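Take a look at the structure below.
The shown structure was predicted, so the numbers you read here are calculated from the model rather than taken from an experiment. Each chain gets a letter, A, B and so on, in the order the sequences are listed, and its residues count up from 1.
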Amino acid sequence: MTEFAIKVYRAVLSIPLGSTRSYKWVALKAGRPGATRAVGSILNKNPYPLIIPCHRVIKNNKEIGGFAFGTKTKKALLDSEREVLKCLKNKK
DNA sequence: CAAACTATTCAGC
DNA sequence: GCTGAATAGTTTG
């Protein structure tokens, strides 16, 4: 666990539910622009994959990068989040 | 401490 | 659109 990793986690946690951000974006928020691969490496071995919405982080091309539980799982999570968000937005 | 690896990104063709 | 090279940090020996 390093400071950079903490910043990355904070940035990822700052991503609104149902939204996605690119690795570059996270790297920028972490204060290390250009360290996009480093961000991926950290998330890949991230100690708390369940408390870190790492599935909200995707490639800059909108493509699904990777996921410790499988890319399909990541897609499923994104879809589920979107559904939940829609439900919340629907209010009443 | 140094080498290798990585869930990426940019430039060139 | 695809291939090749570069960047930055983590992890392992």
With a 3.5 Å distance limit and no angle check, can you tell me whether [X] reaches the backbone of [Y] through a side-chain donor-acceptor pair?
X     : Y     : value
A/K7  : A/A27 : no
A/N46 : A/L43 : yes
A/N61 : A/E63 : no
A/T71 : A/F67 : no

Mind calculating the distance between [atom1] ([X]) and [atom2] ([N]) to the nearest angstrom?
X     : N     : atom1 : atom2 : value
A/L28 : B/dT8 : CG    : P     : 18 Å
A/I64 : B/dT9 : CD1   : C1'   : 17 Å
A/N44 : B/dA7 : CG    : P     : 6 Å
A/L43 : B/dA7 : CG    : C1'   : 7 Å

Fill in: Where protein sits on nucleotides 4-13 of chain C, one letter per nucleotide: B base, S sugar-phosphate only, - none, heavy atoms under 4.0 Å
--BBBBSS--
Fill in: Secondary structure of DNA chain B in dot-bracket form (Watson-Crick or G-U wobble, distances below 3.5 Å, | marking inter-strand pairs)
||||||.||||||
Discussion item. Under a 3.5 Å threshold, yes or no: a donor from one side chain and an acceptor from the other, between A/S41 and A/K45?
Written reply: yes
Discussion item. Here's a test for you: under side-chain contact (heavy atoms from CB on, under 4.5 Å), which of A/T2, A/I52, A/V57, A/V39 qualifies with A/V8?
Written reply: A/V39
Worksheet item: Any side-chain N or O of A/N61 under 4.0 Å from OP1/OP2 of B/dC10?
Response: no
Practice prompt. Evaluate side-chain contact (heavy atoms from CB on, under 4.5 Å) for A/M1 paired with A/I6, printing each intermediate quantity in order.
Written response: CA-CA 7 Å; A/M1 177 70 93; A/I6 294 166; 3.9 Å; yes
Fill in: Chi angles and distances behind the side-chain contact (heavy atoms from CB on, under 4.5 Å) call for A/Y9, A/I51
CA-CA 9 Å; A/Y9 299 148; A/I51 65 172; over 6 Å; no
